[in-house]
Structure formats: structure tokens, C-alpha cells
Asker: 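Sharing a structure with you now.
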Amino acid sequence: MKFDILTLFPGMFLTPFDESIIKRAKDKQLIDISLHNIRDWAIDRHQTADDSPYGGGAGMVMKVEPLAACIESVKSFHPDSTILLTSPHGRRLTHRVAVELAKKSGLIIVCGRYEGIDERIRSLYAEDDISLGDFVLSGGEIAAMAIVDTVTRLIPGVLGSCESAETDSFGDGLLEYPHYTRPPEFKGLAVPEQLLSGNHELIRRWRRKESLRKTMHLRPDLFSYVKLTREDKKFLTEIELEESNGN
Ligand SMILES: C[S@@+](CC[C@H](N)C(=O)[O-])C[C@H]1O[C@@H](n2cnc3c(N)ncnc32)[C@H](O)[C@@H]1O
């Protein structure tokens, strides 16, 4: 997967992409990330990349010409890549959207700044528009990092044999079960005995049930997208019974 990130602040990306899973994916050549400084495509002496908005008002707007030139140059090298804007107006980044993006051969991610980008960039080039949620970030860089991170995890071969995107939350439609590590007891709270049993079937059943319990408490809306098995339904009945009995 080829990621091209178009930004006015390339320095923001240096460390996040040089650690852990993203670094490993780059080292294994499963992904390739290039940063492009939009300012390099500004033609005037001061390399101006923003200007005041038509109609007046607060803030600045990212100019159309440097960004258009930058997009066209990057796209000419990667014609199959999808041009993606980051904006609070876009479709929400979810696991389902990440799975969709992970199937692309490349993503050209445009990071907005200031009041945003000149709307003509959206009209002329945007193939997708992604939002992290209903809040406003100062720039698209953090959104681009989130997109690269979540998409990279889904690329086959990126996660090691001990890690799995399928058992992660949303991988099977539910929230993931709770995790514990040593010590077996902390401040009076013991690790559930099933996890210490060494019995794989017992552990599997405990995890599935707790995954259902978490989803029921925190994100019951997710159940409308999941096909529950007969065992799941039995676990949910047990959970309701346990909780009505105050367990
Ligand atoms: C300060 S914001 C502009 C907000 C814009 N004036 C508005 O009210 O919709 C600057 C840039 O940050 C990025 N951004 C802000 N919020 C975002 C979000 N929720 N998801 C993705 N990107 C976001 C976009 O690239 C945006 O162009």
C-alpha cells in the first residue's frame, strides 16, 4: 500500500511513523509512506500556501493552486491511488471504512489547515472525504495518522502471528473482551479464574461472553450489524440473568 500525505507540516509525521507496527510494516515493505510539503508547490517568492477568504471573515484558506499542483504531481506517479480529503464534513472513519480503504492500492491523503481548503480542490480532485468524528481538529495531520495506522493494521502480513485484527474490537462486529496480565491479583481484584485455567475452550467461551457483555453495556447499537450464533444468544440470556441477580 502506498500512502502519499500532502501537508503543510511534514515534520509532524516523523516520529509517529517510525515506531512499532508502522515501522515494522515499512521495514517489511508492506507499506510505503511519502510526505509532500504543499508549500513546495507554491510559486511565489514567499511560498504562500494560504490566503484570506472571499466574503471576509476570520482565518485563512488553503490556496487552490499549490495544492492542485501537488495533487497532480503525486497522482501522476500513482495514477491508481485514491485522493482522500480529511475534513469534519467527511464520512466517519470506522472499521468498515478502514477495511474498504485497505483494499486500495494507494491513498493520497490531503491534510487541511486553517479554515480548510479552497472548495474547488474538493470539486476537482476529491474521491473520498474522511472525518475522525464530530469535532474540529486544528489540521488534517492527526486524521492522516489515524487513517494510515488503522488501514496498515488491516494489510495482510502487517500484524504478527500473536496479533490479530479479526479479534480486535469491530473485527467481528463486537467490542473485544477485557485483557489481563500479571500479577494474578491487584488491589483485591483477581484475574478471572477461567483465564488462569489453561483450558482453551473455557477461555474461548469466557472471552466470547465478555465480548458480548461489553458490547451490550457500551455499544448495544453494534448488535444490529452482527449475526449472533445460538451460543451468543445463550450467553446473552446468561448475562441478563446474572446481572438481574446482581452478579
Ligand atoms: C480547523 S479545521 C477546519 C474546520 C472548518 N473550518 C469547519 O468548520 O468545518 C482544519 C483542517 O483540519 C482537518 N480536520 C478538522 N477536523 C477534522 C475531523 N474531525 N476529521 C478529519 N479532519 C479534520 C481538516 O483537514 C480541516 O481542513
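In what follows, every heavy atom counts, from backbone to side chain, and hydrogens, waters and symmetry copies are set aside. We count ligands from 1, going down the list as the structure has it; atoms in each ligand are counted the same way.
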Asker: Side chains of D232 and T229: is there a donor and an acceptor less than 3.5 Å apart?
Answerer: yes
Asker: Using a strict cut-off of less than 4.0 Å between a Lys/Arg side-chain nitrogen and an Asp/Glu carboxylate oxygen, indicate whether R122 and D129 qualify as a salt bridge.
Answerer: yes
Asker: Hey, is K2 close enough to D32 for a salt bridge, meaning N to O under 4.0 Å?
Answerer: yes
Asker: Can you confirm, on distance only, whether ligand 1 has an N/O atom lying under 3.5 Å from any N/O atom belonging to V110?
Answerer: no
Asker: Report the part of A143 (side chain from C-beta onward, or backbone N, CA, C, O) that has a heavy atom under 4.0 Å from ligand 1; answer both or neither where that applies.
Answerer: side chain
Asker: Taking distance alone, with no angle check, do E115 and ligand 1 share an N/O pair under 3.5 Å?
Answerer: yes
Asker: Look at ligand 1 and say whether L93 reaches it with a heavy atom at a distance under 4.0 Å.
Answerer: no
Asker: For ligand 1 and F135, I'd like to know whether there is a polar contact (N/O to N/O, distance under 3.5 Å).
Answerer: yes
Asker: Is any side-chain N of the basic residue among K234 and E238 closer than 4.0 Å to the acidic one's carboxylate O?
Answerer: yes
Asker: Out of D134, V136, L132, I147, indicate the one that has the non-hydrogen atom closest to atom 20 (N) of ligand 1.
Answerer: L132
Asker: Given that the side chain starts at C-beta and the backbone is N, CA, C, O, which of these parts of I130 lies under 4.0 Å from ligand 1, counting heavy atoms, or is it both or neither?
Answerer: backbone
Asker: May I ask you to check if ligand 1 and C111 share an N or O to N or O distance below 3.5 Å?
Answerer: no
Asker: Do other residues, nucleotides or ligands put more than 12 heavy atoms under 6.0 Å from E185 CD?
Answerer: yes
Asker: Side chains of E141 and T7: any donor to acceptor distance under 3.5 Å?
Answerer: yes
Asker: Measure the distances from the heavy atoms of H89 to every atom of ligand 1 and state whether one is below 4.0 angstrom.
Answerer: yes
Asker: Are the side chain of Q47 and the backbone N or O of R39 linked by a donor-acceptor pair below 3.5 Å?
Answerer: yes
